[in-house]
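In this text, all values refer to a predicted model and were calculated from it rather than measured experimentally. Positions are given from 1 along the sequence.
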Amino acid sequence: HSQKFSYRSVSLTGKLRTVAALAELELKVLEDKSDKVTAHVESEFSDGEHVWIDLESLWGSRTSLTIRVGVMGNEVRAQKIYEAIKRHLS
């Protein structure tokens, strides 16, 4: 299962903060794609558990953030990544 979050940010800024949060957690960025309204970032934990993060600009300055960790969806790790991203939003 994927964890979905929403916060106030423009997509490109949100992507930069997402990449910064991954660096804080010592997660290497494996893939980083974006356009004007969406961004997709992939990473991996040291034990090989894969991370997919998708951002999509919504109305105004809202951004939808979807984090998926592992094939089955590791909610604890997804929440950890979200908390790191939130710290970079402040």
Quick one: pull up [atom1] in [X] and [atom2] in [Y] and give me the separation to the nearest 0.5 Å.
{"X": "S43", "Y": "D32", "atom1": "OG", "atom2": "CG", "answer": "11.0 Å"}
{"X": "I53", "Y": "I81", "atom1": "CD1", "atom2": "CD1", "answer": "5.0 Å"}
{"X": "H40", "Y": "D35", "atom1": "NE2", "atom2": "CG", "answer": "12.5 Å"}
{"X": "S57", "Y": "K36", "atom1": "OG", "atom2": "NZ", "answer": "11.5 Å"}
{"X": "Q79", "Y": "N74", "atom1": "CD", "atom2": "CG", "answer": "11.0 Å"}
{"X": "W52", "Y": "L30", "atom1": "CH2", "atom2": "CG", "answer": "10.5 Å"}

Passes salt bridge (charged side-chain N to carboxylate O under 4.0 Å, His left out), D54 versus R68? Steps please.
-> CA-CA 9 Å; D54 290 293; R68 182 182 181 107; over 6 Å; no
Could you check K33 against E42 for salt bridge (charged side-chain N to carboxylate O under 4.0 Å, His left out), going step by step and ending with a plain yes or no?
-> CA-CA 9 Å; K33 298 179 180 178; E42 292 187 26; over 6 Å; no
Just do the salt bridge (charged side-chain N to carboxylate O under 4.0 Å, His left out) check on R77 and E49 with the steps written out, would you?
-> CA-CA 10 Å; R77 282 184 162 176; E49 193 167 41; 2.6 Å; yes
Residue pair E44, V51: steps toward the side chain to side chain contact (heavy atoms under 4.5 Å, CB included) verdict | CA-CA 5 Å; E44 191 173 74; V51 176; 5.9 Å; no
Can E24 and H88 be said to form a side chain to side chain contact (heavy atoms under 4.5 Å, CB included), step by step?
-> CA-CA 10 Å; E24 173 189 321; H88 286 271; 2.8 Å; yes
Might you confirm whether atom CD of E31 has over 12 heavy atoms from other residues, nucleotides or ligands at distances under 6.0 Å?
-> yes
Worked verdict on K80 versus E83 for salt bridge (charged side-chain N to carboxylate O under 4.0 Å, His left out) | CA-CA 5 Å; K80 182 178 180 179; E83 293 298 327; over 6 Å; no
Return yes if some donor-acceptor pair links the side-chain N/O of T63 with the main-chain N/O of L55 below 3.5 Å, else return no.
-> no
